[in-house]
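The structure appears below as structure tokens.
Basis for what follows: all heavy atoms, side chains included, without hydrogens, waters or symmetry-related copies. To find a chain, count down the sequence lines: A is the first, B the second, and so on, and within it residues start at 1.
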Amino acid sequence: MTTRRNFIKNSGLLLAGSVLPVSLIELSFAKTSDNFTFAYISDSHIQQIKGNKFVRNWDRGLIRAVAETNMMDPKPDFVMYGGDIAQLGKKAELDHGLEILSGLRVPETHYVMGEHDYYLDLGEYWESQLGPQYYSFDHKGVHFVVLNSILVDEGWTNKWASGEERMGVMAGLDDPRGSPFMVGEKQRKWLADDLEKVNKDTPLVVFSHSPLQKLFKNWNFWTEDAEQVQAILKPFKTVSVMYGHVHQIQYNQIDNISFNSVMATAWPWPYPKTYVQAPNMMPKLTVDMNRADPFFERDATGWQMIDVNSGRLSVDFFLPENEKRRVAFNAAKGHPEDVVYATNTTAAQKHY
Amino acid sequence: MNIFIVWKRLLLACLVTTGLMISPAYADNFTKEDVDGWYQEYLSVVDKGRVAFTDASLGTNGVVCAQCHPNGANTHPETYPKFQKQLGSVVQMWEMVNWCIRNPLEGVDLSPTDPRMTAILSYIAHERRGVKMEPGKH
Ligand SMILES: [Fe+2]
Ligand SMILES: [Fe+2]
């Protein structure tokens with residue numbers, strides 16, 4: 001098992017082989033006093049079969065992420081959970097997922113709402129266990145904001161005969177009866193008020209479940225009011241958005257905002273370009289992850305450790321039986337970059 | 001030999017032996033209505049395939065195909081038959097469908113001629129329409 005210390009040592013070895021641009025190393029390790037790390041686990045989709053029986057495959061993904069996070073040395077300052085703990089928002093699923101997550105030996109875990117946690121009871125049980133659906137906190141000079149970005153309009157929300165029916169429709173990623181996600185006016189107002197008090201030089205990190213960009217509407221890799229949210233973040237010098245939901249590696253830069261997605265612990269999703277009947281607006285910057293091997297059930301799933309240096313993020317992806325990947329902000333280029341795959345893609349990365 | 005051909009041959013034999021000549025209504029002729037009707041038949045099976053993609057009764061754990069293959073994506077019907085490295089031989093697509101039924105869905109193989117298998121293969125092909133054939137591609 002690779003510990004954090006080993007991992008840093010390995011990165012050093014890579015450097016010796018002159019694979020990494022020097023600027024990146026300076027960025028990551030210059031002022032170590034400012035550095036801290038946090039872990040990011042997302043999209044476990046704990047799925048109840050019946051009674052106390054749950055889908056083994058999804059359980060294993062979350063159990064593995066928790067175990068590996070606990071082995072990190074030094075320990076992450078906190079853990080972010082990126083949403084979709086449950087598959088159908090059931091109390092039993094949320095309870096089972098939270099029980100596995102309670103094995104985390106870290107000072108604190110913060111949660112983001114996913115649509116699979118929300119649409120059965122509009123987040124009532126989740127909120128009773130985990131607190132408000134949107135909030136902010138400060139840590140070592142960085143301002144963190146958590147948004148519930150998976151809301152849709154009231155007409156859609158209220159048109160179903162039951163919560164089960166509504167959840168069932170929203171749980172189908174490609175179900176044409178779904179509706180595009182948004183942050184919504186009320187929360188945008190809250191966000192603007194929250195940020196009003198924050199110095200514009202303070203590094204800002206925003207967590208959401210959906211991408212806060214418009215990437216692919218068919219699968220809700222989409223936030224309907226993305227431009228309006230981006231405009232609220234505009235006055236800040238250093239802004240990063242991290243999101244779950246997409247079950248794949250994506251990264252992007254829009255003006256002052258860096259975007260990083262995280263992996264699911266449950267299962268990977270195809271890249272939108274593999275669905276040839278609909279156009280997409282996926283970021284050109286992203287170098288795709290490897291295609292999944294269906295014969296290894298943890299393939300193309302994973303979790304991540306994030307190095308924060310002066311508010312810039314370097315995301316290390318922990319991918320079972322795959323080479324680790326690192327997507328880090330490149331200060332010279334002004335956008336996130338995969339330092340190893342920046343210039344070459346392998347045959348296994350060709351998605352079609 | 002299919003029944004229709006047998007019947008046509010019998011009819012032909014009849015005509016020849018009786019020396020009767022009637023208009024050749026048995027010739028393979030069809031209209032636009034026929035073609036449209038047949039395409040509708042196909043689309044109705046595609047619809048059944050979509051239903052199968054979200055049907056937990058194919059397996060035993062509640063997991064469905066569409067959870068991992070939205071719009072049937074990442075199934076690459078245009079590449080079959082092909083060498084599947086994990087199976088060690090050249091296979092047809094229904095064998096990979098059954099692999100996914102047995103593993104992520106913890107279910108039991110469908111026969112390759114099961115109408116539900118035909119529906120699944122039809123839906124997968126339909127969502128991939130327009131992509132050129134590339135048998136053997138990995
Ligand atoms: Fe998810
Ligand atoms: Fe989601």
Side-chain angles (χ1 to χ4, degrees), chain A residues 43 45-50 53-59 84 87-88 90 93 116 168-169 171-178 216 218-221 246-248 264 266-278 280 288 291-301 347-348 350-352, chain B residues 46-47 49-57 59-80 82-88 91 93 95-107 123-134 136-138:
Chain A
D43 292 87
H45 290 264
I46 297 301
Q47 187 171 354
Q48 186 184 31
I49 301 172
K50 204 174 158 190
K53 280 182 65 190
F54 295 86
V55 173
R56 184 194 46 79
N57 192 347
W58 316 152
D59 275 14
D84 289 351
Q87 171 65 9
L88 293 175
K90 296 190 226 168
E93 294 175 340
H116 288 260
V169 170
L173 189 72
D174 59 354
D175 194 320
R177 295 169 299 171
F216 188 54
N218 293 56
W219 299 344
N220 246 331
F221 292 6
V246 297
H247 298 207
Q248 63 192 231
W267 67 79
W269 266 328
Y271 279 99
K273 68 180 154 214
T274 64
Y275 183 51
V276 296
Q277 313 300 340
N280 70 70
D288 297 343
R291 271 174 61 192
D293 176 356
F295 291 73
F296 171 45
E297 71 179 16
R298 287 271 66 71
D299 204 22
T301 68
K350 287 216 177 71
H351 294 254
Y352 56 89
Chain B
V46 168
D47 284 345
R50 171 64 200 175
V51 171
F53 251 64
T54 54
D55 180 5
S57 77
T60 60
N61 59 3
V63 174
V64 298
C65 312
Q67 252 168 278
C68 300
H69 298 287
N71 293 106
N74 254 359
T75 49
H76 308 115
E78 77 282 7
T79 63
Y80 286 90
K82 72 173 168 202
F83 184 78
Q84 197 75 43
K85 76 169 196 263
Q86 303 90 340
L87 298 174
V91 300
M93 196 171 60
E95 297 180 64
M96 279 305 292
V97 170
N98 274 339
W99 194 92
C100 276
I101 290 177
R102 283 199 307 280
N103 291 280
L105 274 69
E106 299 181 54
Y123 171 71
I124 287 174
H126 190 71
E127 287 285 38
R128 198 65 172 166
R129 64 197 180 280
V131 174
K132 79 173 198 301
M133 296 276 287
E134 279 190 280
K137 177 176 177 179
H138 183 82

Under-4.0 Å salt bridge between A/Asp288 and A/Lys273: yes
Distance, nearest 0.5 Å, that separates CG of B/Asn98 from CG of B/Asn103: 10.5 Å
Residue among A/Asn218, A/Leu173, A/Asn57, A/Val55 with most heavy-atom pairs under 4.5 Å to chain B: A/Val55
Side-chain donor-acceptor contact under 3.5 Å, A/Tyr275 with B/Glu127: yes
Side-chain ion pair, B/Arg50 and A/Asp174, N-O less than 4.0 Å: yes
Which atoms of B/Asn61 approach chain A - backbone, side chain, both or neither, heavy atom under 4.5 Å: both
Test item: side-chain donor near acceptor, B/His138 and B/His76, under 3.5 Å: no
Residue, of B/Val131, B/Asn71, B/Asn74, that accumulates the most heavy atom pairs under 4.5 Å with chain A: B/Asn71
Residue part contacting chain A, namely of B/Glu78, when any heavy atom lies under 4.5 Å: side chain
Which atoms of B/Thr75 approach chain A - backbone, side chain, both or neither, heavy atom under 4.5 Å: neither
Proximal component of A/Gln87, with respect to chain B [non-hydrogen, under 4.5 Å]: side chain
Engaged part of A/Gln47 at the chain B interface, taking heavy atoms whose separation is under 4.5 Å: side chain
A/Tyr352 versus chain B, the contacting section by heavy-atom distance below 4.5 Å: both
